[in-house]
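Have a look at the structure below, then the notes.
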Amino acid sequence: MFKKNSLRKHGSQSPSGSIRAVSGTSPVPSFNAVTNAIKTAGQKDLSDGLDSNLFRVDDLHHYGVSGAVVSFAYDPIQSLLALSTDEGKVYVYGQQRVEAVFELKTHLPITTLKFLRGVFVVAIDAKSTIFTLSLHTNKIISTYVAPALITAIDVDYSLEYLLLGLQTGIVCAFDIERTLFADFQLANLQKEIMPNVETSPVVAARWHPRDFGTILVAYNYVVVSYSIIEAKIIKTFVYDIPKGAPGGENARPEFDRFGVYKPKVRNALWHPNGLNIVVLHEDNSLVFWDAKTETLLQARTLFDTYVNVPANGPSFGSNRRVTPIIKLAWLCQNDPEYTSLLICGGDSEASEGVHNLIRMDFGAAPKYSITSYEKMGKYYAQPIEQRVFPVHSSSNIVDFFPLGESSPYFSGNHNPKIVAVLFENGELKFMNYPTGNLSYTAELFPTTVAWLNPKITCSLSFAVPKTMWLGMLSAKKRKLGALLKGGTPARHRYRKFDLKSVVVTGHENGYVRLWDSSAGELDSDSLFEIDISRILLDDSPEFGIKKVSFAPETAELSCALFNGDVMLFKYQKNRNFLPTVGDLNRRLSSMEIKKNDKLLNDISDRAPRDISEGFLPSSLLRARTGTVTAVCNSSVGFVAVGYEDGTIIVIDRRGPAVIYNDTLKDKGLAIKLVATSIEFANSPQCIEQGALFTMYVGTSIGRLLTYDIARLPNRRYEVKYSDSADANESEILTILPLMADSGRPNYATMGFTPSSETSNLVVTVSSSDIRVLKGSQKVARKNYGKGMVAVGGITGRTIGTNPTNSKVVFALILVLNSNQVKVLSIPALHDIKTLTLPYTLNRRYSSHSSILPMGDVFLRINDTEAALINIMGLRDTGNNAHDVRLFNKDLVIPSHPAVNTMHVMIGNVKVPTYEDFCMVMSGPHRTKATRAEAQLAFAVSPYNPANIKLLGNTATPSSAYYDEEVQMKRQLSYSKPKSPRTGKWFPGVNASMRKAYYNVSDQIDTAQETVDDYATKMKDELNAETTEARNGLLSALVKTKLGI
Amino acid sequence: MSRAYDMTMKLLLVGDSGVGKSCLLLRFVEDKFTQSFITTIGIDFKIRTIEIGDKKIKLQVWDTAGQERFRTITMAYYRGAMGIIIVYDVGDENSFNSVKKWYQTVNQHANDDAQLILVGNKCDDDSARQVSKKQGELVAQELGVPFLEASAKTNENVDAVFFQLAQLILEKTNVAQLAQKENNLDVTQGNKSSSSGCC
């Protein structure tokens, strides 16, 4: 969307090369071209001087991930996060601007993703191909196809061996540093123990959390603990349920000849202290065992206990079938003796799907030496707390990943504060742990992850003056500590403009976010977030965002929700600011907007009390006439909303008051008219009749309706229908009002000075054609295939090199669903250039794209992806930007958890050293790992003798992460502490503060000085209200930087 | 290992946010009380085995979140509930006014034969009282459900609430089982008579 903003004056650029650009000028003029030429004869060519050589595609940045997320991994040491998708891509994220994509040579989903040894990521696809990725070079090191289907996998972060269980029942280990299988191999132990039972795959294989010489292997009917060092079975665990015992909810009455039912094993886990194990069975029984003595401690389900004991309760294998438990993780606190089980599935009936996580908090484990088996049974039967956490989504949960903070050990479950929850549709949500509320705070997560969470429902982009944006930012609450700190960011690659490009995204669960995209990537440091669920105290699907409209000059925003409500926001100071109140709003749950409320409701009292300044709610429009089909928040205080039943409502925000409420209909043909786009323009030609503005309404049948807005003597405004024109063949998507003499956009602005010579040209863009109108006179038209046009907009640039002969000319830009961008002249609609996009647009989402000034085009590619391109070559700086670095060699891996003394005493187990262990695994003739990654892994390894001393202290000093501010301070400390302008000392203000102040004030000056004619004109036109808003923002900016 | 039990009962606590549902549960299961207010997110679950007469009954008690935003999620948990405790705070008139709303929700989502009980919590604090015992009794009478005032803080009537509810469910179940038995008998007799008819 191109809004009344300035276009920076720019010299004529000679093209340095065209990227995937093809000429679109047809050698033979079409019929349309001829008629357009005839109709526009005598009209001024507003695109005069625009040459096809001026246009090319510069691909600036890509947002989101391609495909649905299928796996997830987190590294608390390197502070990185990885995602894999069903399209064979792996994305690794660190701190702001640290992002790397690995394209694997597979089209299969990457189902397993693990961080290892600081420098590796292991990805395994659905057909058991093992990819080893390097975080040092950001490249794929190796691809290896496993000899049989991998059915179980476990990693110990500090070891180079992947523990793999295969379909054949064999357990083996893959050495990722040498890319080969180790000598260690374990035959199918179930076959050995139960020779007459059918062959079983490996169901689960687990490293002992404290002793890598011991593993746990689960088969269909037996779980085995095994000593790698001694090459012998330690214990076996076999579970059966006698007749008369209830068993799990999904138990089947299939008794063997001994009268017992043996439910198949589905998973097996070690307790973090390694003294107990839990085995999940197909009937949803969770069976807890003493690992040392094979004693069964407790057999329970989620909501029942002692299910292996005959009782008079519900009959065995009752008809009530619940969802199978699909995952369980044994989580521990910082002290690994405090544990809880987090479980997914098993709580609802199969038809209801999986929408909850269940936590059983066991608290501290009783002392092994003094407790009885019965007490241990009770300990697992009666957790301190058992809670069901609902995770709002229409899709089923398929997996979850705790983000263990304290160490990468205990299968990544060491003291998580956040749990990532993955859904069937590829959605990813984050749950705060152990509170269970969902976390959507964008600042916490990498931008791509925040971009996807919650799911985007609508998007657009526009430009705002830099000064205004900086002013708004200065008043923003202090940034929360981001979750990820890893990696070294790449330098900004692209030239920035004095206009800020802002991307707005509406999300499910009622979030609206405004991202700064000026530097190409989205910057979550300068992100504004509106949490509507917090304002309305409801995050049901109906409160998702359907449409958003933003008026940059007045910092007003309107958004339509899926339930048909429209909420109006304004950026302002919070009169009810009470920082100490904090979360009170959330708790006032009985505060509900009454069902019999008015059409326009004041909701300013719902502004969150802990926000001092920001986008605060002002009004709620509840028309109850169905879905909103169009919304426009003008910069002159009017908001117009169109509904699916043809209703159109105009609000004057100054009251606020509804000043127009009517239903559109075609009187003659009785065709339903629905507003599909609305725009406000200055009304130069109507000034004599007293009209100040024109409201254009584009409809579903391609008709353009015109309304005059006039000021009445009582200072109120009146909306009056004036004209209509059958402009397009299909629904009008965009209305672009332009000044007929210059081609400048003529959106409604306060303080506009009309002149009798000016008149409006209106360009209407439908999904299949473009029309240029002057009044009701049709000037030009261009047809495309049905549904071909995604979005249209105006962009402009300065032609000519010196002030005397330079001028700003404009062109119409269309994004087509054929993955092309068309540049057309105004008003004749001649093809100037056709550019081919490097993306494949999905028609369902492409209309959420936007054309910005200076040639930026925000492309919404599909559900999860978007991109920013420039089509006029104005962003290229020629800088050689260095690549993102992911691996940090200063971060040493903490020591491996040691075995419990009791473990050694009772189990009589020899705990091997790392060297002994490697000897057993790979034999005496192990080749040396030659890759640089192996050296780096050893450099940060806890088994490296050089690190042992270091590990006595803090393993991961936070200062070891790359911090731009720290780097900047280091540089500043060498500069003389003098004012850059006066050379004087600033007593009481430190150097970095002064630098920051001058930096900001310079930016303001630069912004002020370099704004081109177009912007200057715009600035002059700002009315008192706008100027006040702007000054307020500027003063806030300066005050904040000065610390006042 | 635990002794076998005779019956499992699924009980549900419902009511506005802040009326003390979690406190009642904590007092009943663990005999503890905490003054701090932490909003329940989702659903809490606890088990306590009680004995009524010669019957050993395993009570599975569900403590649902009182907040609007979780109501849709908790609906699923109404199914199969044999007893439902509607709780209000005697010091909060709004929560008392919500009782009928909760009664409707329960009727809409729970099994028809679920046994209900109305509980006015926090009855220890007379100075804050906004709802009299009489008012509580009248509403209970109107809804046709038993009524008790309780205090999780002083442990007044907490066990009584759960025991009374369990007792009522037990009686209902016994009556139902008896009826079932009679029906079965009837069926048998019917079969017999039809078979005799055949002959």
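Quick note on labels: first sequence line is chain A, next is B, and so on, each numbered from 1.
- Contact annotation for A/L302: only backbone heavy atoms (N, CA, C, O) come within less than 4.5 Å of a heavy atom of chain B.
- Taking the side-chain contact (heavy atoms from CB on, under 4.5 Å) definition, one finds that B/S127 meets it with B/D125, sequence neighbours left out.
- If you measure heavy-atom distances from A/I384 to chain B, the contacts under 4.5 Å come from the backbone alone.
- Between B/R48 and B/D159, at least one side-chain N (NZ, or NE/NH1/NH2) sits under 4.0 Å from a carboxylate O, which counts as a salt bridge.
- For A/Q382, the part lying near chain B is the side chain, with the backbone staying farther off; criterion is any non-hydrogen pair under 4.5 Å.
- Taking the salt bridge (Lys or Arg N to Asp or Glu O under 4.0 Å) definition, one finds that A/D361 meets it with A/R359, sequence neighbours left out.
- Taking the six-membered ring wherever Trp is involved, the centroid distance between the rings of A/F562 and A/F543 does not fall below 6.0 Å.
- With sequence neighbours excluded, no residue forms a salt bridge (Lys or Arg N to Asp or Glu O under 4.0 Å) with A/K378.
- In summary, the aromatic rings of A/F303 and B/W62 are positioned with their centroids under 6.0 Å apart.
- For the pair A/K327 and A/F400, the cation-pi test (distance below 6.0 Å, angle within 45°) is passed.
- Contact annotation for residues 25-33 of chain B against chain A (heavy-atom separation below 4.5 Å, listed by residue number): B/V29, B/E30.
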